[in-house]
Every structure is written in structure tokens, then in C-alpha cells.
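Source: prediction; values computed, not measured. Chain letters run A, B, ... following the sequence lines, proteins first, then strands; residues in each count from 1.
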Number of protein chains: 2
Amino acid sequence: MLARVLGAAAGGGFPQWNCGCSNCRGVREGTIHARPRTQAALAVSADGRSWFLFGASPDVRTQIEGFPALHPRGARHTPIAGIVLAHGDLDQCLGLLQLREAQPLTVYATATVRRSFCEGNALYQTLARFPGQVTWRELVPDRPVALSDAAGRESGLVLEAVPVPGKPPLHRRGATPETGDTVGLLVRETAHHRTLAYLPSVAGPTPELESLLTQTDALFFDGTFWSGDELVRLDPAGPGGRPATEMAHWPLSGENGSLALLARLPVRRRILIHINNTNPILREDSPEHRLVEAAGVEVAWDGMEVFL
Amino acid sequence: MLARVLGAAAGGGFPQWNCGCSNCRGVREGTIHARPRTQAALAVSADGRSWFLFGASPDVRTQIEGFPALHPRGARHTPIAGIVLAHGDLDQCLGLLQLREAQPLTVYATATVRRSFCEGNALYQTLARFPGQVTWRELVPDRPVALSDAAGRESGLVLEAVPVPGKPPLHRRGATPETGDTVGLLVRETAHHRTLAYLPSVAGPTPELESLLTQTDALFFDGTFWSGDELVRLDPAGPGGRPATEMAHWPLSGENGSLALLARLPVRRRILIHINNTNPILREDSPEHRLVEAAGVEVAWDGMEVFL
């Protein structure tokens, strides 16, 4: 199984269009040790021919062009056999509306995520122009499904959705939280018994999380914020200055931070993804980046590949 | 007045993610004389400090990062004073949903275009998180408005919307066509009496079009298709194989094509924009490109600048 990081940043990307924080300014001017990153997405394949996108980010067009394995092999064609959604936020789903050039798509999502994107969404009509333009396959928590392409050929990958703490997406705020709002995704390659986990959004710990992650060979985990008040300090009076908890992202640092959990997992590759532009771990020479490395944890970057 | 082409391609961009036509394949492999292009948008300014985007394309994030004049000059800031929409298709509007990082926006559009994007669009709630997140300023055909920034400072630019033949956007197909569905945009710099026209989507000629365009110093015009059956020939049996007329784009070639009109206009800069990936004028050594040049007409590219 091969997983390629198409984008490693949180919503807004790095740099973020309206942000002049020291990270964003520094990466634009080339004065800090950091690389630009597009919004979080992964491409996964068992055979290198048929690919599954984990996340349809707003940067999907440049992400596809930047990875030749995803280029068409015919006049109208795509090697993308399916798209898997972990939650309903726009940085996870908006790219679907960019894949509207009369190409049949297969999308895997929980019923909740599907509804939060499609219901009352007039723009979605652009993906409903002919019968079969989008085939939705429902992810039911803890019920594994074999990933297959549009022709029904199995990919050698089995997918399982595991509910994790989250919240309804920003555009549905006020909606009653449901179990399927946010899931972690486990992909198993059946031939070689390898398991990869993708959890770009986790609001906090659960009793099951540690034992679940222990069973994987590699995992991509929510690395949005270093500390809970990162955005508040940047924009104390502004509408964007919200604490991490309110945004349903578990901060990395501190005794009860996610890094402490990741550090003790007996998993070969533990990789942070969905990293916010304000996070100090983006600077490769920062003390925080060093703490991550010392914990045996990696920081994802666009183009990073993990072979299992 | 300065106009910078942020993107010169039609919806889908060039290359298009699922297209393996000779143009798309050639530009990916570097075997043809052509440059990649992002989806159509223009940045316009009278003073170089305050900018207006004509079109919020799905590529808006990379377009902003690619042009330093649009970078923030503070912790949370944007030099983008307003966004102007010519029609309601997603390649013109979807970028609005990418500018959702708690930044107040001012959008200029006809009532029809505003409705076609906002009504029944649950995703739009992401831009309605605090009072004043988006201020809509209505464009009424033939009634010029002074463009100003959020603080009400005038920009030195006056904008006029002129109805042109068009159709409701793809996601509202079946809707009754209205006058404000598609407009041409005229921008006048009052200090130097210069006029620029932006018409990325024009379905065909009208009696007024020629005299209107004659009054401009530079114009960007719909260069989507060379011929009416370009997509039909590429994908004869597929759902994407539609004639240009059905997509409300006036083809360039032929006796009644738009190039014949543009060729006879006494306007210094006549520039084609919104160019589809299948259009042979994208190849700089094609006979069609030479015909365009011989007509005194230019083909826009990402990064092209026009000073008036």
C-alpha cells in the first residue's frame, strides 16, 4: 500500500490568504525554515493504478496535477476510483464541486457527512447532471467495506470508519451533533495485512482511541494546533480568535495533549497532518518541532510518501 | 489602472483534471508550445494598494499567493477591497467559499447572480458567521457604481454592468433565464478616463455589443471555444460532449464568430480570456493562434498585465 500526502495543511492552507502571522509572512518571504502546504488530503493505492482520495480539498485541482499517478490515461478518464470523506467541513468536501467535469465519481462517507454536504445545497446540482454522476457509498461505523472502482473491481483495500469526537461542520453550526459527524478512517491492505489510519480531525481523547491506533502500521493524526489558544492570541478581538476546543481540534501540547498519546504508541510511522498555519511545528527549527521529533512523531509535508 | 490576469482558463483550468486531449496531455508532458492556466479571474487596481477581483475562481488561493500585491499587510488583513461577479457559474463564484477565514468581504453582483449563488445554498452559511462578514452591493444594469473599500474609501474606479446573452448557471439549469444572469463589466478609472471591459462569458452577438466595446481602451473577451463542436468531437457519446451554444459561449471561428467582431474593433488591447482546455489557440504555434494574432487579438496567460 502506498499513501501519498497531497496536502498537509489545515483549512485555509499554509500560507493562508488573509494571514500575516510570523509563520505565513515568513514562508512567503522565505525567511523561515518552513514549506508551503496545501489543504489536507491523502492519495492511497494498493496497486499504483487505482487511487482513493482521502479528502476532496479546495486545492484538489493542483493536488491532482502535482501527482502524475492521478493524471488521466485516456481522452476522458481518471485513475481516482473513489473519494473518502472523514467529516463535513469545507476543507474536506469543497473539492467535490471542482470535480464536476462530467466525470462519474464514487464517494464514501457516513450518512451524516453526506447529508451535511448535500442537503439544501443548490450548488450540488452541478454534480447531479446525469444519472450516476455521483455514487454515494455509506460508511457505517465499525462495518468495514471493500473499496472498489466504478466497474466494481476490488482494489485490495478495506475501509472502516471509526467515530471520533467532533462536531457538525461550520456551515451547519447549531445542528445537533451526531455520531457520524467525524470519523477516523482505517484502511487495510488485505494481501499484506497492513493498516493505515487517517484521522485529520479529532476533538479529544476517547477510551478506545489508544487501543485502536495501536493496531496500525502507520497513522496520520490531527496536528492542527500546538496550543489551545493559538488563534485567540493572534486575533484576540476578532471573529477568528477562537479556542481550539471550540473548533473540535485536540491540541498537541501539554500533559493532556495528543502528542503525549502519540509518543507512547508502538506504531512505526506516526505523522501529524491538517496542520494550521499558526502552528509552530511548521518551522523545522522550532523548539516545538524538536519536541515532536523527540517523541518519534513526524510532520507531514506535501509530497511525502509512506509505503507499507 | 492596472489589470493583472490571475487566471486565463475556462472552468476546469488547463490542464483539466480528467482530460487527456492532445492539449492537456501535451501541456502536462511539455511536448507542446503552451502554458498551464488557472481558472479565469482578473485583479484590477487604480492605485496598486486596493484591489478588486473580477471573479472568485476555485483557484483563488493559489492566484492570491502568486501575486504579492494581494498578500496581507497585517496579522489579519487583505488588500482585496471587493470581488465582482460577472455570472453565477461555479468557476466564477466557488472561490468565495474559500475566502471564509473570518475576513469581511464586499461582493458586487446583480441580484440574479447573488440569488443563484446564495439561495438554498447551505454551504454559504460559512460566510454568514458574524454580522457584516459579506456585504453584497447590487449591480443594476446600466447604473454605474463607485467601487469603494470596506471603510468606504473610494478606489477611483467606477463599475458598470451591461447585460449580455447568457444563461442561468449549470447548478440552476431549468431556471427561467433572466437579464442579470450574465453581464459584461466595464471599469472606468475616473482620473485618467480609461475604460477596461471584462466579458468572460458571452453567448452571442447583440446589436449594442460592438458600439459598447468600441468605447473601451482594453477588453478581455470570452475565448472559450474555437469552434462550436469542440467538445462534441472529443466526447461524442459522453455527458460532457455538448455544443458551445448550449454552454452559452460564442465560438471564435467562422464568419459569424466572435473573432470577426473583435478584429474590426478600434481598441488597442483586445484579449481573449476564459479559454477552454480544448481550444487550439492555447498552442502558440497553431494555425488558429496565428489567425488570432493576425486579427490583432491577444491570448491571455496567467500573470499577464495591462496598464492603462
Exercise. Between B/G74, B/P79, B/G95, which has the largest tally of heavy atom pairs under 4.5 Å with chain A?
Worked result: B/G74

Problem set entry | Residue part contacting chain A, namely of B/R73, when any heavy atom lies under 4.5 Å | neither

Exercise. Relative to chain A, which segment of B/F117 carries a heavy atom at a distance below 4.5 Å: side chain, backbone, both, or neither?
Worked result: both

Problem set entry | Option in B/G12, B/G11, B/P68, B/C93 with maximal non-hydrogen atom pairs under 4.5 Å from chain A | B/G12

Exercise. Between atom SG of B/C24 and atom NE2 of A/H71, what is the distance when rounded to the nearest 0.5 Å?
Worked result: 10.5 Å

Seminar exercise, completed: Interatomic distance, CG@B/N18 vs CD1@A/I80, rounded to 0.5 Å, equals 9.0 Å

Problem set entry | Where A/P72 and B/G20 come nearest, the two heavy atoms and their spacing | CG-N, 4.0 Å

Problem set entry | Partner chain A: residue of B/R173, B/Q125, B/H77, B/R28 with the largest heavy-atom pair count (under 4.5 Å) | B/R28

Problem set entry | Under 4.5 Å from any heavy atom of chain B - which part of A/E119 | backbone

Exercise. Looking at A/T78, A/L90, A/I64, which makes the most heavy-atom pairs under 4.5 Å with chain B?
Worked result: A/L90

Seminar exercise, completed: Looking only at B/P58, B/P36, B/P169, the option with the highest number of non-hydrogen pairs under 4.5 Å against chain A is B/P58

For this session: May I ask you to name which of B/Q39, B/R172, B/Q133, B/R100 has the most heavy-atom pairs under 4.5 Å with chain A?
Result: B/R100

For this session: Go through the atoms of B/S22 and report whether side chain, backbone, both or neither lie under 4.5 Å from a heavy atom of chain A.
Result: neither

Problem set entry | Sidechain-backbone polar pair: B/R61 side chain, A/P15 backbone, donor-acceptor under 3.5 Å | yes

Exercise. Taking all atoms of both residues into account, what is the closest heavy-atom pair of A/Q98 and B/Q98, and its distance?
Worked result: NE2-NE2, 3.9 Å

Problem set entry | Which atoms of B/D89 approach chain A - backbone, side chain, both or neither, heavy atom under 4.5 Å | neither

For this session: Rounded to the nearest 0.5 Å, what's the gap from CG on A/L123 to CG on B/L97? Could you check?
Result: 6.5 Å

For this session: Give a yes-or-no answer on whether the side chains of B/E101 and A/W17 include a donor-acceptor pair shorter than 3.5 Å.
Result: yes

Seminar exercise, completed: Max heavy-atom pairs within cutoff under 4.5 Å with chain A, candidates B/T126, B/L99, B/D91, goes to B/L99

Problem set entry | Best-contacting candidate, A/A128, A/S116, A/C19, against chain B by heavy atom pairs under 4.5 angstrom | A/C19

Problem set entry | Atom group of B/L127 that falls short of 4.5 Å from chain A, counting heavy atoms | neither

For this session: Go through the steps for B/R76 and A/Q16 under the test side chain to side chain contact (heavy atoms under 4.5 Å, CB included), then give the verdict.
Result: CA-CA 10 Å; B/R76 290 287 158 157; A/Q16 180 179 300; 2.9 Å; yes

Exercise. Relative to chain A, which segment of B/C21 carries a heavy atom at a distance below 4.5 Å: side chain, backbone, both, or neither?
Worked result: backbone

